[in-house]
Trainee: 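Structure provided below as structure tokens; questions to follow.
In what follows, every chain begins at residue 1, and chains take the letters A, B, ... in the order their sequences are listed.
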Protein chains: 2
Amino acid sequence: MIGTPEAAQTKVQQRREERTSEIVAAAWALAREEGIAGVSLHGLARKVGMRQPSLYSYFDSKHALYDAMFADGNRRLLARLDALDLPDDPREALKVHTREFVQFSLDHPETNPLLFQRTIPGFEPSAGSYALAQQMLADSVRLMHEAGITDPGDVDCSIAMIAGLLAAQLSNDPGGDRWVRHLDRLVDLFVDDALARSTR
Amino acid sequence: MIGTPEAAQTKVQQRREERTSEIVAAAWALAREEGIAGVSLHGLARKVGMRQPSLYSYFDSKHALYDAMFADGNRRLLARLDALDLPDDPREALKVHTREFVQFSLDHPETNPLLFQRTIPGFEPSAGSYALAQQMLADSVRLMHEAGITDPGDVDCSIAMIAGLLAAQLSNDPGGDRWVRHLDRLVDLFVDDALARSTR
DNA sequence: GTCTATACTAAGATAGAC
DNA sequence: GTCTATCTTAGTATAGAC
């Protein structure tokens with residue numbers, strides 16, 4: 001019922017969550033402009049029209065902000081991957097999934113240092129946020145398995161190879177495709193090699 | 001002749017260069033302990049028994065220190081690679097060279113962010129220092145060519161793959177070999193693929 | 001929840017005596 | 001070349017009024 005304490009409470013909470021989301025989005029925008037290390041609470045507050053101490057109403061510390069960004073980035077990545085309509089052929093499914101993962105990272109290069117590297121001194125994601133990252137990884141590994149990459153060492157190599165291509169692309173040719181254009185071919189190469197090794 | 005102005009000048013310069021080398025070595029030691037971002041002029045001065053402003057007698061700025069470290073790291077890497085006695089077989093030569101490069105990075109993990117990533121905001125190596133890095137890369141590319149990896153795209157992929165393995169190793173299992181143990185096999189995979197593609 | 005004011009810490013860099 | 005002293009800037013975080 002409108003006007004009851006419960007409804008009011010809910011509305012306040014909702015508004016607060018919206019505001020928190022706005023702040024996290026602004027933090028990502030700032031990270032894109034200045035790099036993840038350039039995200040300061042002063043700059044972030046300016047961006048959302050607040051004073052710096054006011055941010056402490058939403059985040060207990062700078063690391064809590066990082067954690068919220070980490071969770072948010074992983075959630076957005078998972079949403080894109082879940083929205084994929086994967087083909088039946090497992091090899092093609094792996095390619096589509098991998099391409100989408102890489103495309104997300106190219107679309108949002110600012111997420112890379114926080115999500116996939118350990119570039120922020122002292123930051124460790126909370127258990128809940130980390131679980132999101134692990135789910136993403138688990139999906140990738142499952143698709144690799146279904147495509148024939150079953151050996152754990154081969155899985156490690158495949159993931160490292162994809163990460164290597166992506167890192168080279170982002171740091172040397174952001175916006176281009178000099179490295180990532182070889183993705184499909186390399187997935188084929190790794191799948192073929194895994195299949196050849198498993199039937200030997 | 002001893003005692004002439006020229007000899008004295010030389011001795012002073014030599015002493016100064018030695019002292020500079022000591023400071024750079026201490027900076028690397030500090031980077032190893034605290035990470036490259038943890039290298040502060042205060043901490044470095046403490047380590048070499050000086051006060052922080054005294055370092056400005058040796059380096060005009062923090063970036064000048066980074067540049068000296070960058071040059072020093074590349075010089076040590078080049079020295080190790082040049083000291084290799086490469087086998088005649090080009091494929092084996094590539095493997096030995098690649099292994100040594102990776103081993104250097106594992107032995108000196110603190111060099112990785114400065115030498116091979118762009119992790120320090122605003123730092124660009126000077127032309128002279130950068131030339132050292134390019135020479136290292138040129139040697140690798142030459143060995144790849146001789147082993148049959150001639151297509152520029154294949155060279156890009158090979159380098160990115162090696163960097164990917166190394167990055168995964170350093171950030172997830174430093175001191176272990178979970179990723180780098182697959183190096184030789186992957187070099188073979190890439191060489192075989194390049195050869196198969198070139199004769200097709 | 002938001003503000004002003006401020007504490008605290010730490011960094012790079014410069015001035016000037018010795 | 002090295003020191004003491006200081007400047008300047010910038011960051012996170014807290015106290016307390018409104």
Trainee: For the side chain of A:S61, starting at C-beta, report the closest nucleotide among C:dC3, C:dA11, D:dA13.
Mentor: D:dA13
Trainee: Are B:R91 and B:D192 ion-paired here, with the side-chain N under 4.0 Å from a carboxylate O?
Mentor: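 Yes.
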Trainee: Quick check: on DNA chain D, is the nucleotide nearest A:K62 upstream (toward 5') of the one nearest B:R16, or the reverse? Name the residue that is more 5'.
Mentor: B:R16
Trainee: Is there a path from B:L166 to B:L189 through hydrophobic residues (I, L, V, M, F, W, Y) whose side chains come within less than 4.5 Å of each other?
Mentor: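 Looking at the clustering, B:L189 is in the same group as B:L166.
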Trainee: Which of these nucleotides, C:dT2, D:dT4, D:dG1, is closest to any side-chain atom of B:S57?
Mentor: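 Among C:dT2, D:dT4, D:dG1, the one nearest the side chain of B:S57 is D:dG1.
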Trainee: What I want to find out is whether B:E22 reaches B:K47 closely enough, with some N-O distance under 4.0 Å, to be called a salt bridge.
Mentor: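 No salt bridge links B:E22 with B:K47.
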Trainee: Please classify the nucleic acid contact of A:S40 as base, sugar-phosphate, or nothing, using heavy-atom distances under 4.0 Å.
Mentor: sugar-phosphate
Trainee: B:Q14 CD to D:dG1 P: how many Å, rounded?
Mentor: 15 Å
Trainee: Please state how far atom CZ in B:F59 lies from atom P in C:dG12, giving the value in whole angstrom units.
Mentor: 13 Å
Trainee: Nearest whole Å is fine: how far is D:dA10 P from A:L44 CG?
Mentor: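 Distance check: A:L44 CG to D:dA10 P gives 17 Å.
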Trainee: In whole Å, I'd like the distance from the CG atom of A:L65 to the C1' atom of D:dA13.
Mentor: 14 Å
Trainee: So, OP1 or OP2 of D:dC3: does either fall under 4.0 Å of a side-chain N or O from B:S54?
Mentor: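 So the side chain of B:S54 is within the cut-off, an N or O lying under 4.0 Å from OP1 or OP2 of D:dC3.
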Trainee: Rounded to whole Å, how long is the line connecting atom CG of A:L30 with atom P of D:dG11?
Mentor: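 Distance check: A:L30 CG to D:dG11 P gives 10 Å.
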Trainee: Ignoring the backbone of B:M50, work out which of D:dC3, D:dT12, C:dC3 is nearest its side chain.
Mentor: D:dC3
Trainee: Roughly, in whole Å, what's the span from CZ in A:R51 to P in D:dC18?
Mentor: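 It works out to 18 Å between those atoms.
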Trainee: On DNA chain C, check which nucleotide each of B:H63 and A:R19 is closest to and give me the residue with the more 5' one.
Mentor: A:R19
Trainee: Atom CG of A:L55 and atom C1' of D:dG11: how far apart are they, to the nearest Å?
Mentor: 13 Å
Trainee: What nucleotide, of D:dA15, D:dC3, C:dT2, holds the atom closest to the side chain of B:P53?
Mentor: D:dC3
Trainee: Measure CG/A:L41 against C1'/D:dA13 and give the value in whole Å, please.
Mentor: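 From A:L41 CG to D:dA13 C1': 9 Å.
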Trainee: Is a salt bridge present between A:K62 and A:D67, judged by a nitrogen-to-oxygen distance below 4.0 Å?
Mentor: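 Salt bridge flag = no for A:D67 with A:K62.
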Trainee: Return yes if the base of D:dA13 and the side-chain atoms of A:Q52 contain a donor-acceptor N/O pair under 3.5 Å, otherwise no.
Mentor: yes
Trainee: Is the shortest side-chain N/O distance from B:Y58 to OP1 or OP2 of D:dT2 below 4.0 Å?
Mentor: yes
Trainee: Any salt bridge between B:E100 and B:K95, counting N to O under 4.0 Å?
Mentor: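 Looking at B:K95 together with B:E100, the answer is no, because their closest N to O distance does not fall below 4.0 Å.
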